[in-house]
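To start, the structure under review is shown below, and the notes come after it.
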Amino acid sequence: MKPVIGVTPDFNAGDRKEWGGREPTYFLRARYVRAIEELGGIPLILPLVADAAGRRRLLERVDGLLLTGSGPDLPPRLYGERQRYKFPLVSERRANFELDLVHLAQTRDLPVLGICGGMQTINVACGGSLFQDLTAQMPHVLQHRQTTKAIHLAHSVDITAGSLLRKIVTKATLRVNSSHHQSVKTVAPSLIASAIAPDGVIEAIESPRHRFFLGIQWHPEFLFERHIAHRRLFQALLRAAGRTRA
Ligand SMILES: N[C@@H](CCC(=O)NCCCC(=O)O)C(=O)O
């Protein structure tokens, strides 16, 4: 039976110019959904319910979780810092929902894949922190907001030997795309860094204590159709999700 993957959408609470403007609006790039569907899963876009019991019931109906990206950033207060640079914040509703879902998924050992902002959410939910602005805070950092289309590769990452990520992509280095201005600063105590860019930016994190709990800073939903290593990321999530009810 095909595994059901909960997919978190982005949300405009009615305070953004784009994505519905003053009309509260959910939105989600279709590539996330297409990757799950084309590789053998059933994507289920999750409403960002505020009720704790409702979140638990939603999670009971999925076999795995995909935390998607977001243009806006997590409020730095969530990792103990004041905001030091000007950037839009992700909606409170989405941040609260996803942080809670990470904890609920961990207690059930539900497979979780976090992409870009989703990876950052995983790290913060587990007690880690972020660089608020890479170009301001990391000297000699690479261009992590590529100017070419996201279907093109931007830089390489070195993958940690023995990590889940290495087992999935079966390579020691990987070329990835890149569309972010923040990244992991302190890795959460329960997680490990499993991919690093040549400039030292952490590009993947994972939990050695869970069967599939992985965050990646790049966007494989733009790459899976043409690059087997990135296709394997979704296939591995679906395989792990297929074992959730086994
Ligand atoms: N805001 C964070 C995370 C970046 C991110 O998730 N980018 C994706 C943008 C939305 C999309 O195209 O899916 C950062 O900038 O570091």
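All ligand and atom numbering here is 1-based and tracks the order in the structure.
- No side-chain heavy atom of Ile196 sits under 4.5 Å from any side-chain heavy atom of Val201.
- Aromatic rings of His230 and His219 (six-membered ring for Trp) have centroids beyond the 6.0 Å cut-off, not under it.
- When the salt bridge (charged side-chain N to carboxylate O under 4.0 Å, His left out) test is applied to Arg239, no partner is found at least two apart in sequence or on another chain.
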Pairs of nitrogen or oxygen atoms, one from ligand 1 and one from the protein, closer than 3.5 Å: please tabulate them with distances.
{"from": "ligand 1", "atom 1": "1 (N)", "to": "Ser70", "atom 2": "O", "distance (Å)": "2.8"}
{"from": "ligand 1", "atom 1": "1 (N)", "to": "Gly71", "atom 2": "O", "distance (Å)": "2.8"}
{"from": "ligand 1", "atom 1": "1 (N)", "to": "Pro72", "atom 2": "O", "distance (Å)": "3.2"}
{"from": "ligand 1", "atom 1": "1 (N)", "to": "Asp73", "atom 2": "OD1", "distance (Å)": "2.6"}
{"from": "ligand 1", "atom 1": "6 (O)", "to": "Ser70", "atom 2": "N", "distance (Å)": "2.8"}
{"from": "ligand 1", "atom 1": "6 (O)", "to": "Ser70", "atom 2": "O", "distance (Å)": "3.2"}
{"from": "ligand 1", "atom 1": "6 (O)", "to": "Gly117", "atom 2": "N", "distance (Å)": "3.0"}
{"from": "ligand 1", "atom 1": "7 (N)", "to": "Ser179", "atom 2": "O", "distance (Å)": "3.1"}
{"from": "ligand 1", "atom 1": "12 (O)", "to": "Arg29", "atom 2": "NH2", "distance (Å)": "2.2"}
{"from": "ligand 1", "atom 1": "13 (O)", "to": "Tyr32", "atom 2": "OH", "distance (Å)": "3.2"}
{"from": "ligand 1", "atom 1": "15 (O)", "to": "His181", "atom 2": "N", "distance (Å)": "3.0"}
{"from": "ligand 1", "atom 1": "16 (O)", "to": "Gln120", "atom 2": "NE2", "distance (Å)": "3.0"}
{"from": "ligand 1", "atom 1": "16 (O)", "to": "His181", "atom 2": "N", "distance (Å)": "3.2"}
{"from": "ligand 1", "atom 1": "16 (O)", "to": "Gln182", "atom 2": "N", "distance (Å)": "2.8"}
{"from": "ligand 1", "atom 1": "16 (O)", "to": "Gln182", "atom 2": "O", "distance (Å)": "3.4"}

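- Ile45 has its side chain within reach of Leu28: a pair of non-hydrogen atoms, C-beta onward, lies under 4.5 Å apart.
- Shown here are the side chain to side chain donor-acceptor pair (under 3.5 Å) partners of Glu18, two or more places apart in sequence or in another chain: Arg16.
- By the side-chain contact (heavy atoms from CB on, under 4.5 Å) test, Ala125 pairs with Leu99, Val102, His103, sequence neighbours left out.
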